[in-house]
Number of protein chains: 2
Amino acid sequence: MTRVGEEVVSRGVNSDTPLYQATKTRLLESLSGGVYRPGDALPAEKDLAARYGISIGTLRKAVDELVDEGILIRQQGRGTFVASHDRERLLYYFFHIVAHEGGKTYPRVELHSFTRGRASSEESAKLHLAPDAPVIRLRNLLTLGEAPVMVDDITLSSARFPKLGEAGIRGRASTLYQLYQAGFGLTIVRTSERLRAVAAPADVATLLRLPRAAPTLMIRRVALGYHDDPIEWRVSHADTTAHEYFSELGS
Amino acid sequence: MTRVGEEVVSRGVNSDTPLYQATKTRLLESLSGGVYRPGDALPAEKDLAARYGISIGTLRKAVDELVDEGILIRQQGRGTFVASHDRERLLYYFFHIVAHEGGKTYPRVELHSFTRGRASSEESAKLHLAPDAPVIRLRNLLTLGEAPVMVDDITLSSARFPKLGEAGIRGRASTLYQLYQAGFGLTIVRTSERLRAVAAPADVATLLRLPRAAPTLMIRRVALGYHDDPIEWRVSHADTTAHEYFSELGS
DNA sequence: AAGTGGTCTAGACCACCAT
DNA sequence: TGGTGGTCTAGACCACTTA
């Protein structure tokens, strides 16, 4: 009934990469380029399919993968939306500290210090920066319930966060990731973490009200954007006497 | 060209759950029931679709999800296979300890002790057992390179592992998960882990050749089967001076 | 060459949401 | 009521593996 041969030929340039993957790339470029912004609704699937000149099934396969990756969000009857860093989403995807045997709660975050400097070799490696590139360093103290639970040491490239000052952070009622997104157009999509158990450094122990050299969970995290570009480097120390790190993996 | 209405009616019983989900359940039941065993090839997709009386697209959607969950494995041109606990797969999905900044290596595992007893309240909770149910406890010592790196304390329900004795474990050249699968028809599909930093218990410190009360990474893990049924409870203590826990999340 | 999964199409109908 | 995503179909052709 159909002459698929003609269609396939008319598909055009990309001969080796599948159409749905090319479509995914186009969507990703529209996202990182700001054509569709966090919170926006995408055009309806049939419109998008028509615009790209592909069938709705192929369009859906591309969107499916972006939904799986947490980049788009489908809502039946309403539309498809660009994921934004609202608190719930952040808590769900990027915050892994929970009370023992308990559920997730949103932490209180307090900016403890803000400094500028030049990248260490580790920082430049993690953030793909030139040696000695200028960086911004923040230290946050996180509280769950009453007690301080975690100290975050965060490094950002000054080049990617122009004009970011201490006031800009302290003034906000939002989270850091919301600030990256709203203020600099940078959306965190994925993180990669490595964990160790270490004796608390003296300054961390003080902030967490722990005995000197108490065991703490050290979390070293790179946060990545749409194109797996590193946006933030973070070293955290958590007190795990009343909380723990949650990991649901292996599927 | 088609009368979809008739088809939909002829779909039969399950009116609220989508066909592809019902199909997924049927496949899962065939897997846990041993109709298709680990390593086996499934029937070709068009044959399966015909057998279930559904279109190939719907069958593929069900299989897609099982592939995403690591339960089935597709190989173009060859077939679709039931995932088995070969070393590579275990390493990739279930073993999260890597050398600092390094890649994964397979550990040497040594059975250190084998005992029987009755479930603690925690063990019975984690394994969904009655209080004081009979359990088997193993302690393994894991070595990466030359140095001991991790101590695993494993608890199994005696009821689910009948006739499992020390010789049955020590004699094997395989991994524990391969033993669960080949010997008892139990396949691990997913794990859920919670991590803390704790001072090494005395016996663990000795085995890991660490100073008393050195910080260790404590990993508490439930391993689950096809129907999210708990199969194994494991508490590990890792020395993270030269290794770390790897977690790729947030997508 | 035969068999398998992988891609893609064109379109029908269902379920849900807003108005 | 009209629009959105969600499900499902029937079938063509492509890419890959094996013999």
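So that the names make sense, note that chain A is the first sequence line, chain B the second, and so on, each numbered from 1.
At least one side-chain nitrogen or oxygen of Thr58(B) sits closer than 4.0 Å to the OP1 or OP2 atom of dT9(D). Taking side-chain N and O atoms only, Arg60(A) has a distance below 4.0 Å to OP1 or OP2 of dG6(D). Contact between the side-chain N/O atoms of Lys61(A) and the OP1/OP2 oxygens of dC8(C) is not found at any separation under 4.0 Å.
Comparing dC8(C), dG6(C), dG5(D) by their nearest atom to the side chain of Arg74(A) picks out dG5(D). Residue Leu19(A) places its side chain closer to dT9(C) than to any other of dG5(D), dC8(D), dT9(C).
Proximity of a side-chain donor or acceptor of Arg74(B) to a complementary backbone N or O of Val63(B) within less than 3.5 Å is not detected.
Applying the side chain to side chain contact (heavy atoms under 4.5 Å, CB included) criterion to Ser124(B), with sequence neighbours excluded, gives Ala119(B), Leu129(B). Shown here are the salt bridge (charged side-chain N to carboxylate O under 4.0 Å, His left out) partners of Lys126(B), two or more places apart in sequence or in another chain: Glu101(A). The salt bridge (charged side-chain N to carboxylate O under 4.0 Å, His left out) test applied to Arg196(B) returns Glu244(A), not counting sequence neighbours. Applying the salt bridge (charged side-chain N to carboxylate O under 4.0 Å, His left out) test to Glu29(B) and every residue at least two apart in sequence or in another chain returns nothing.
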Taking N or O atoms only and anything under 3.5 Å, show me the protein contacts with nucleotides 17-19 of chain D, one pair per line.
unit_1  : atom_1 : unit_2   : atom_2 : d
dT18(D) : OP1    : Arg78(B) : NH1    : 3.2

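Taking the charged nitrogens against the carboxylate oxygens, Arg190(A) and Glu69(A) have no contact shorter than 4.0 Å, which rules out a salt bridge.
Taking 4.5 Å as the limit, every side-chain heavy atom of His128(B) sits out of range of all side-chain heavy atoms of Asp229(B).
One interatomic measurement links the two molecules: CG of Asp64(A) to P of dT7(C), which rounds to 13 Å at whole-angstrom precision. Here dT7(D) presents its P atom at 16 Å from CG of Leu59(A), a figure rounded to the nearest Å. Following rounding to the nearest Å, Leu66(A) (CG) and dG5(D) (C1') show an atom-to-atom distance of 16 Å. One interatomic measurement links the two molecules: CG of Asp16(A) to P of dG6(C), which rounds to 18 Å at whole-angstrom precision.
For the segment residues 42-56 of chain A, residues with any heavy atom less than 4.0 angstrom from an atom of DNA chain C are, sorted by number, Ile54(A), Ser55(A).
Neither side chain, Thr175(B) nor His85(B), offers a donor N or O lying under 3.5 Å from an acceptor on the other.
By the neighbour-count criterion of 12 heavy atoms within 6.0 Å, atom OH of Tyr92(B) is sparsely surrounded, having that number or fewer from other residues, nucleotides or ligands.
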